[in-house]
Amino acid sequence: MWQVGEFKAFGFTGAIQFGNLSLTMAVLLGVALCWVISNPHPHRRLWLVLLAVGMLCGLLGSYYSGTRGGWVAIPLFVFLFLLAYLRRSNAMACVIVLAVLGTAAGVLAYQSPLVKTRVAQVYTDLSEYQANGASSYSSLGARFAIWEAAWDAIDDSPLLGIGEVQFRQTLKEKREAGLIGAVPAGLANTHNTFLEVWMLYGGLALLSLLLMMFSAAWYFLSYIRHVDSVLRSYALGGLCLIGGYIIYGQTQIMLIRNNTLLFFLMSLAVLMALMHQRRRAVLLVGNA
């Protein structure tokens, strides 16, 4: 990247998916790191180093991808970590950690050309969208334009959706009529998970998706303050996974693309299985 002057990391996926997955893995490794720090463990120093290096790599992957939609989830992750670990006894330590992280983030945002460029691009894109409307060609402007087209399609069939073929035909007709520009009409998808599901598959499919995600989130949330540190860590990881994907889904179809969907389902299944196993072990110990 440095040799060619290209500051976007792609991996084996698109930059957005790569950045979001990198950030998610960094956060999950951060959950594990917090647990190792607060609990005695064989080979503790080795795990501290491995987890810290892995977390750093994940954060760098997110940074160099330039994925702004992923960065928006960082305040949620911070809140969830505080919800899991903040106590009266460690309030001052948490304040210090937050101050250090906030200062580091501020310095990075102020000094980094990449962050400055990505943030400035937001204002440029918004101005371009205000000027061109549905004919926008910028990153955000094209998204807004195709979202408008998707909302129109939802109005036609809010319950059952219209399907991919019909939506593409609608975009073609709108483009020929001059109601939408070539760039938004040519986008591969709507870049919004929930809008895409509703528009293509209908309100019933969207409701099912939301119920699945929020029921799983509620299951994890019920253990986020548990006295058992292992259960609490699994709960925190699950909430970060789901919360992150909800925010990522506002700018990319993370739950529709195969690679990101598979990562989500596998991670969710593993975390829920570990939660169930640990919960049973805690109950057995409590009843002994």
Within a radius of less than 6.0 Å around [atom1] of [X], do more than 12 heavy atoms belonging to other residues, nucleotides or ligands occur?
X      : atom1 : answer
Gln277 : CD    : no
Asp155 : CG    : yes
Lys116 : NZ    : yes
Arg175 : CZ    : no

**Prompt:** What pairs of residues pass the ring-ring contact (aromatic ring centres under 6.0 Å, His included) test when at least one of them lies in residues 175-218, not counting sequence neighbours?
**Reply:**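 Passing the test, one end in residues 175-218: Trp151-Trp198.
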**Message:** Could you work out, with side-chain contact (heavy atoms from CB on, under 4.5 Å) as the rule, every residue matching Thr117, not counting sequence neighbours?
**Reply:**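 Result, side-chain contact (heavy atoms from CB on, under 4.5 Å) vs Thr117: none returned.
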**Item:** Contacts of type side-chain contact (heavy atoms from CB on, under 4.5 Å), residue Ser229, not counting sequence neighbours
**Value:**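 So Ser229 forms a side-chain contact (heavy atoms from CB on, under 4.5 Å) with Trp35, Asn39, Arg232.
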Donor-acceptor contact present, side-chain [X] to main-chain [Y], <3.5 Å:
X      : Y      : result
Ser62  : Leu23  : no
Thr193 : Gln252 : yes
Thr67  : Gly70  : no
Arg118 : Arg68  : no
Ser136 : Ser138 : no
Glu128 : Tyr137 : yes
Ser215 : Met212 : yes
Asn192 : Thr251 : no

**Request:** Evaluate the ring planes of His226 and Tyr223, with Trp represented by its six-membered ring, and classify them as parallel (under 30°), tilted (30 to 60°) or perpendicular (over 60°).
**Result:**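 Rings of His226 and Tyr223: tilted, as their planes differ by 30° to 60°.
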**Message:** Which label fits Phe263 and Tyr245: parallel for a plane angle under 30°, tilted from 30 to 60°, or perpendicular past 60°?
**Reply:**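 Phe263 vs Tyr245 ring planes: parallel.
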**Request:** Kindly state each residue pair satisfying side-chain hydrogen bond (donor to acceptor under 3.5 Å, both in side chains) with at least one member in residues 42-54, sequence neighbours excluded.
**Result:**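 Residue pairs with at least one partner in residues 42-54: there are none.
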**Prompt:** Looking at Ser65 and Gly19, what are the two nearest heavy atoms and their distance?
**Reply:**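 Scanning both residues, the minimum pair turns out to be OG-CA, 3.1 Å.
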**Prompt:** Does a salt bridge link Asp152 with Lys174, judged by any charged N lying under 4.0 Å from a carboxylate O?
**Reply:**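 Counted as a salt bridge, because a side-chain N and a carboxylate O are separated by less than 4.0 Å.
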**Prompt:** Taking only residues two or more places apart in sequence or in another chain, which ones pass ring pair (Phe, Tyr, Trp, His ring centres under 6.0 Å) with Phe18?
**Reply:**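 In terms of ring pair (Phe, Tyr, Trp, His ring centres under 6.0 Å), with neighbours along the sequence ignored, Phe18 is linked to no residue.
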Side-chain donor-acceptor pairs under 3.5 Å in residues 77-100, sequence neighbours left out?
residue, atom, partner, partner atom, Å
Arg87, NH1, Ala84, O, 3.1
Arg87, NH2, Ala84, O, 3.3
Asn90, OD1, Arg87, N, 2.6
Asn90, ND2, Tyr85, O, 2.8

